[in-house]
Amino acid sequence: MMKIRLTLSALFVASLLATPAMAKEWKTVRFGVEGAYPPFSWTDASGEIKGFDIDLANALCQQMAVKCELVAQDWDGMIPALLSRKYDAIIAAMSITDERRQKVDFTEKYAHIPNRFVAAKGTELTLTPEGMAGKRIGVQRATTHDKYLTDNFGSNVTIVRYGNADEAYLDLKAGRVLALLADASAIEQGLLGKEGGDKFDYVGPALTDRQWFGDGMGIAVRKSDKELKGKLDEAIKALRANGIYQQINQKYFKYDIYGG
């Protein structure tokens, strides 16, 4: 009798193991956002986070028929906080790179913007080891810009790393760095388009090398959340098709940031 009970129990357990796991029902999606990288995101005087990424996150949630929650997070801790489940996805102008793909999955791109150096008008910058030797160049810490400078000129250039873009702009204006490297759109609205910005301009070529700058900007999710990635991909396509993406784009940019 005991043998029969054990056999039946074993069959019951086996049937449970053979049953496909129930897919998570996404009713709320929590987005990690930076809140310090205009025009993609910034925090206003009242503490409210605004910007392109914020509007896009809300539109994606509406398209997916889920509640949207925004969780502010310093850039340095973006991926670690995602992996520790502080939020479900990152929407923070994050470039899709092979290095990051080792830790997280990405949606298809939702923007693709060239990267530029910016400096005081009249500044000359030659992108060779000799031309960069001794120069103080600012970047936001732990970004693709940081890696590009480190890999190409690390032993020659002095890289000054900042926690956010606003700190970098202040140091450039004060002359504590010769130039900054960042997304062209962020430079345009965070520096060039503001008071005193007419004293600065882009210098050197636009940079789009896939090895460092990846395949555009995407939304990062945990590798285990394949269903969420799929939902976000479909929602991005839907917003492009119904024109809502373009409306948000035009609110912050004078050109299509989606790219080819």
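Quick note: residue numbers are just sequence positions, from 1.
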Q | Interatomic spacing from CD in Glu227 to CG in Leu232 - rounded to 0.5 Å | A | 10.5 Å
Q: Taking Tyr148 for its side chain and Phe153 for its backbone only, find out whether a donor-acceptor pair lies under 3.5 Å.
A: no
Q.
Check this for me: Asn242, atom CG, are more than 12 non-hydrogen atoms of other residues, nucleotides or ligands nearer than 6.0 Å?
A. yes
Q: Enter the distance from Lys86:NZ to Arg30:CZ here, rounded to the nearest 0.5 Å.
A: 10.5 Å
Q: Could I get the full list of salt bridge (charged side-chain N to carboxylate O under 4.0 Å, His left out) partners for Asp166, not counting sequence neighbours?
A: none
Q. Does Val160 belong to the same Ile/Leu/Val/Met/Phe/Trp/Tyr cluster as Val118, with side-chain heavy atoms less than 4.5 Å apart forming each link?
A. yes
Q: List the atom of Ala119, the atom of Val203, and the distance in Å for their closest heavy-atom pair.
A: CB-CG1, 4.0 Å
Q. Going by heavy atoms in the side chains, are Phe200 and Leu192 under 4.5 Å from each other?
A. yes
Q. Is Val139 close to Thr150 at the side-chain level, that is, under 4.5 Å between some pair of heavy atoms?
A. no
**Q.** Side-chain H-bond candidate by donor/acceptor type, Asp183 with Tyr37, under 3.5 Å
**A.** yes
Q. Do Asp98 and Arg210 have side-chain heavy atoms sitting under 4.5 Å apart?
A. yes
Q | Asp209 side-chain N/O to Gln211 backbone N/O, donor-acceptor pair under 3.5 Å | A | no
Q: Please say whether the positively charged group of Lys229, taken as NZ for Lys or CZ for Arg, lies over the ring of Phe106, i.e. under 6.0 angstrom from the six-membered ring centre and within 45 degrees of the axis.
A: no
Q: May I have the step-by-step check of side chain to side chain contact (heavy atoms under 4.5 Å, CB included) for Leu56 and Tyr252, ending in yes or no?
A: CA-CA 11 Å; Leu56 183 60; Tyr252 297 97; over 6 Å; no
Q. In terms of side-chain geometry, is the basic nitrogen of Arg141 or Asp74 positioned less than 4.0 Å from the acidic oxygen of its partner?
A. no
Q. For the side chain of Arg161 and the backbone of Ala142, is there at least one donor-acceptor N/O pair under 3.5 Å apart?
A. no
(Q) Can you give me the closest heavy-atom contact between Gln189 and Pro39, atom names plus distance? (A) OE1-CB, 3.2 Å
Q.
When you compare the side chain of Tyr110 with that of Asp53, does any pair of heavy atoms fall below 4.5 Å?
A. yes
Q | Contact check, side chains of Met94 and Phe40, non-hydrogen atoms, under 4.5 Å | A | no
Q) Should Tyr162 and Leu149 be counted in the same cluster of Ile, Leu, Val, Met, Phe, Trp and Tyr side chains packed under 4.5 Å apart? A) no
Q.
Tell me if the NZ atom of Lys199 is crowded by more than 12 foreign heavy atoms within 6.0 Å.
A. no
Q. Can you tell if the side chain of Asn152 reaches within under 4.5 Å of the side chain of Trp212, non-hydrogen atoms only?
A. yes
Q. Backbone N or O of Thr43 within a donor-acceptor pair of the Glu48 side chain at under 3.5 Å?
A. no
Q | Rounded distance [0.5 Å steps], CD1 in Ile244 versus CG in Leu239 | A | 5.5 Å
Q | Stepwise side chain to side chain contact (heavy atoms under 4.5 Å, CB included) check, Leu191 with Lys173 | A | CA-CA 9 Å; Leu191 175 66; Lys173 290 179 178 179; 3.5 Å; yes
Q: Give a yes or no answer on whether the side chain of Asn58 reaches the backbone of Cys61 with a donor-acceptor pair at less than 3.5 Å.
A: no
Q: Indicate, with yes or no, if Val71 and Trp26 share a hydrophobic cluster defined by side-chain heavy-atom contacts under 4.5 Å among Ile, Leu, Val, Met, Phe, Trp and Tyr.
A: no
Q) What's the verdict on side chain to side chain contact (heavy atoms under 4.5 Å, CB included) for Leu207 and Leu127, showing C-alpha distance, side-chain angles and the deciding distance? A) CA-CA 11 Å; Leu207 303 172; Leu127 299 187; 4.2 Å; yes
**Q.** Over all atoms of both residues, closest heavy-atom pair of Ala57 and Leu70
**A.** CB-CD2, 4.2 Å
Q) Do Thr144 and Arg100 have side-chain N/O donor and acceptor atoms under 3.5 Å apart? A) no
Q: Working to the nearest 0.5 Å, report the span between CD of Glu124 and NZ of Lys135.
A: 9.5 Å
Q) Do Ile236 and Tyr245 come within less than 4.5 Å of each other through their side chains, counting heavy atoms only? A) no
Q | Short N-O contact, Asp55 and Lys50, less than 4.0 angstrom | A | no
**Q.** Within-4.5 Å side-chain heavy-atom neighbours: Ile137 and Phe117
**A.** yes
Q. Would you find a donor on one side and an acceptor on the other, under 3.5 Å apart, between the side chain of Tyr87 and the backbone of Met78?
A. yes
Q.
Can you give me the closest heavy-atom contact between Ile49 and Gly35, atom names plus distance?
A. CG2-CA, 4.0 Å
Q: Return the minimal non-hydrogen interatomic distance between Ile257 and Asn249, and the atom names on each side.
A: N-OD1, 3.0 Å
Q. For Lys121, does the NZ atom have more than 12 heavy-atom neighbours from other residues, nucleotides or ligands under 6.0 Å away?
A. yes
Q: Assess whether side chain to side chain contact (heavy atoms under 4.5 Å, CB included) is satisfied between Thr143 and Leu181, documenting all intermediate values.
A: CA-CA 10 Å; Thr143 58; Leu181 176 60; over 6 Å; no
Q: Is it possible for you to say whether Ile91 and Trp75 belong to one hydrophobic cluster, with membership spreading through side-chain heavy-atom contacts below 4.5 Å?
A: no
**Q.** Salt bridge present between Asp215 and Arg101 (N-O < 4.0 angstrom)
**A.** yes
Q | Closest heavy-atom pair and its distance - Ala184, Arg116 | A | CB-CG, 3.7 Å
(Q) Between Val33 and Met217, is there shared hydrophobic-cluster membership here, with clusters defined by ILVMFWY side-chain heavy atoms closer than 4.5 Å? (A) yes
Q. Just wondering, are more than 12 heavy atoms of other shown residues or ligands nearer than 6.0 Å to CD in Gln246?
A. yes
Q | OH on Tyr202 to CG on Asn115, rounded to 0.5 Å | A | 10.5 Å
Q) Counting only N and O atoms by type, is there a donor-acceptor contact under 3.5 Å from the side chain of Ser95 to the main-chain atoms of Gly214? A) no
Q. Roughly how far, to the nearest 0.5 Å, is the CZ atom of Phe31 from the CD1 atom of Ile90?
A. 11.0 Å
Q) Hey, is CD on Glu108 packed in by over 12 heavy atoms from elsewhere, all under 6.0 Å? A) no
